[in-house]
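Working notes, beginning with the structure itself.
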Amino acid sequence: MRMGLCCLFKEENVSFRTTTATALSSLPRGEQLIKLSGICHDNVRNLLLALKAVQRLGIGAFRIMSPLFPRMTHPQVGYELADLPAGEDIRHLLEGIRNFAGGHDIRLSFHPDQFVVLSSPHPHVVANSVRELTYQAWLGKTLGADLINIHAGGVYGDKLSALERFRQVFSDLPDAVRNRLTLENDDVSYTVRDLLPLCQKLSIPLVYDVHHHRCNPDGLSQEEATELTGEIWRSMGLEQYCHLSSPRAGWGGKDPRPHADYIAEKDLPFCWRERVMTVDIEAKAKELAVVRLMDHLRENDLFGGAD
DNA sequence: GCATGTCAAGTTGTG
DNA sequence: CACAACTTGACATGC
């Protein structure tokens, strides 16, 4: 089992900067680009530090912050790498990051935020989403990240029509996006059972989030969901990807959806142990939570053959 | 200095 | 019907 860290660190001295469109708008274009250049340069240097920390800690996957290059696709203040004073340096660093990740077998992924919705009935929402995905696919190609994972989006009163809209948009996506796109079951709308037919038919890898499955059950057992989603990954020659988290207030609490600082060991599905797969750990204590879970598995000799 | 509210974008469920 | 949640730091504002 390969463990993944999501975006940020608790104790490692790695951080990512951002800026807002409002703050940028008050500057002339030249100063905007200088400011953005500094932020992007810092972020790329920190991404390399992040991967070095991940490698040192024995973590095998890393989810990259979507706004690594903040506001890059914004309609007013958007920009390209070539526009930035440090653009060439940044391009160099990106190449170094790809080599480091590839050389140390660190799997990289992206997880665009909630504004990326391909099933929306509103054309402008879909258009903005495709633009954002195109940016992330370019970044994925440059960095060697093979996965851009999104949710199926809104229901709009009828899941089947929403999924049909998704299917049509999906077929028209640029290759670089379509080759990386994966779908994940969410905690309110789309379950594994909802997504399986679409994913099987279009060969879209399905990221199985067991926490969302527990919050939003669909009649499938965890073993069934693991096997059925795993079959799609296997048929495409890819290592299966799953998500794991624990509820902040426990399973008896008011709302089980907010994530806890650490993973409760009993929340790791039994059938995942010994399985060849990547598991992103979604926990507030970040790398500390990943390391703690890996230590637990190692102490109990539950890590499978790969370790 | 420090505390606080806002920030591009969508959708759902709660109050 | 308005608003928080999803998530985090940067920035502007006001004391």
Side-chain angles (χ1 to χ4, degrees), chain A residues 5-27 31-32 34-43 46-47 50 63-79 110-136 148-159 161-163 165-166 169 183-191 194 207 209 211-212 215-216 243 245-249 253-261 280-287 289:
Chain A
L5 173 66
C6 301
C7 306
L8 299 169
F9 293 81
K10 194 82 181 177
E11 287 190 348
E12 292 291 327
N13 191 20
V14 173
S15 60
F16 297 96
R17 302 170 56 196
T18 186
T19 185
T20 63
T22 317
L24 290 168
S25 306
S26 68
L27 303 171
E31 287 178 41
Q32 285 180 9
I34 290 169
K35 180 189 171 92
L36 286 162
S37 187
I39 293 174
C40 293
H41 205 177
D42 277 357
N43 284 353
N46 273 273
L47 180 56
R63 183 189 301 176
I64 301 170
M65 299 268 289
S66 302
L68 187 73
F69 296 144
R71 309 290 88 86
M72 193 175 224
T73 64
H74 188 278
Q76 272 79 52
V77 299
Y79 56 97
F110 289 94
H111 197 355
D113 54 16
Q114 64 270 30
F115 308 111
V116 171
V117 185
L118 296 181
S119 60
S120 175
H122 311 110
H124 72 278
V125 174
V126 176
N128 289 344
S129 300
V130 171
R131 193 167 38 151
E132 177 67 18
L133 287 172
T134 304
Y135 147 72
Q136 297 203 12
I148 301 175
N149 179 43
I150 62 173
H151 293 290
V155 174
Y156 313 94
D158 179 7
K159 275 185 194 175
S161 332
L163 288 177
R165 280 194 301 275
F166 180 98
V169 171
L183 279 173
E184 175 188 344
N185 61 304
D186 66 71
D187 51 6
V188 285
S189 304
Y190 292 93
T191 63
D194 291 328
V207 172
D209 186 316
H211 184 70
H212 291 164
C215 294
N216 186 18
H243 289 176
S245 41
S246 285
R248 187 185 300 170
K254 186 159 54 85
D255 183 358
R257 287 175 299 168
H259 295 167
D261 289 345
D280 268 357
I281 303 303
E282 298 181 326
K284 298 285 182 189
K286 295 297 169 188
E287 84 277 18

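Labels below follow one simple rule: chain letters A, B, ... track the order of the sequence lines, proteins then strands, and each chain is numbered from 1. Worth saying up front: this structure is predicted, and the values here are computed from it rather than measured.
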Mind checking [X] for me? I need base, sugar-phosphate or nothing, with any heavy atom below 4.0 Å counting as a touch.
X      : value
A/P75  : base
A/V116 : nothing
A/L8   : sugar-phosphate

I need the [atom1]-[atom2] distance between [X] and [N], as an integer number of Å.
X      : N      : atom1 : atom2 : answer
A/H212 : C/dC6  : NE2   : C1'   : 9 Å
A/H124 : B/dA8  : NE2   : C1'   : 11 Å
A/R257 : B/dT14 : CZ    : P     : 7 Å
A/M65  : C/dT8  : CE    : C1'   : 7 Å
A/K284 : C/dA5  : NZ    : C1'   : 11 Å
A/H122 : B/dA9  : NE2   : P     : 15 Å
A/N149 : C/dC6  : CG    : P     : 18 Å
A/Q76  : B/dA8  : CD    : P     : 10 Å

Complementary nucleotide of [N], counting Watson-Crick and G-U pairs under 3.5 Å:
N      : answer
C/dT8  : none
B/dA9  : none
B/dT14 : C/dA2

For the side chain of [X], counting heavy atoms from C-beta on, which of [options] is nearest?
X      : options               : result
A/H259 : C/dT7, B/dG10, C/dC11 : C/dT7
A/K286 : B/dG10, C/dT7, C/dT8  : C/dT8
A/T73  : C/dT8, B/dG13, B/dA8  : B/dA8
A/T19  : B/dA8, B/dT12, C/dC11 : C/dC11
A/T22  : B/dA9, B/dT12, B/dA8  : B/dA8

Rounded [atom1] spacing from [N] to [M] in Å:
N      : M      : atom1 : value
C/dA10 : B/dG10 : P     : 25 Å
C/dC3  : B/dT6  : C1'   : 15 Å
C/dA4  : B/dC7  : C1'   : 16 Å

(request) Please answer whether B/dG10 and A/F115 are stacked, defined here as ring centres separated by less than 5.5 Å and planes angled under 30°. (result)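 According to the criterion (under 5.5 Å, under 30°), no, A/F115 does not stack.
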(request) Specify the closest pair of heavy atoms between A/H74 and A/V77, including all atoms of both residues, with the distance to one decimal. (result)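 In this case the closest contact between A/H74 and A/V77 is ND1-N, 3.2 Å.
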What distance do [X] atom [atom1] and [Y] atom [atom2] have between them, rounded to the nearest 0.5 Å?
X      : Y      : atom1 : atom2 : value
A/R71  : A/Q76  : CZ    : CD    : 12.5 Å
A/L5   : A/I281 : CG    : CD1   : 9.5 Å
A/I150 : A/L118 : CD1   : CG    : 4.0 Å
A/I148 : A/Q136 : CD1   : CD    : 5.5 Å

At less than 4.0 Å, is any side-chain N or O atom of [X] found next to OP1 or OP2 of [N]? Yes or no.
X     : N      : value
A/K35 : C/dC11 : yes
A/K10 : C/dT8  : no
A/S15 : C/dG9  : no

(message) If you assign A/A21 and A/P121 each to the DNA chain B nucleotide with the nearest heavy atom, which residue ends up on the more 5' nucleotide?
(response)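 Whichever sits nearer the 5' end wins; that is A/A21.
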(message) Within the supplied structure, the quantity of interest is the number of heavy atoms (other residues, nucleotides, ligands) at a distance under 6.0 Å from A/N13 CG; does it exceed 12?
(response)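 It does not: A/N13 CG has 12 such atoms or fewer within range.
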(message) Pick the closest DNA chain C nucleotide for A/T20 and for A/S26 by heavy atoms, then say which residue is nearer the 5' end.
(response)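 With A/T20 and A/S26 compared, the 5'-side residue is A/T20.
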(request) Establish whether the base of B/dA8 is bridged to the side chain of A/R71 by a donor-acceptor pair shorter than 3.5 Å. (result)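 For A/R71, whose side chain was compared with the base of B/dA8, there is a donor-acceptor pair (under 3.5 Å).
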(message) Set out, in order, the CA-CA distance, both residues' side-chain angles and the distance that settles side-chain contact (heavy atoms from CB on, under 4.5 Å) for A/E282 and A/D209, then state yes or no.
(response) CA-CA 10 Å; A/E282 298 181 326; A/D209 186 316; 3.4 Å; yes
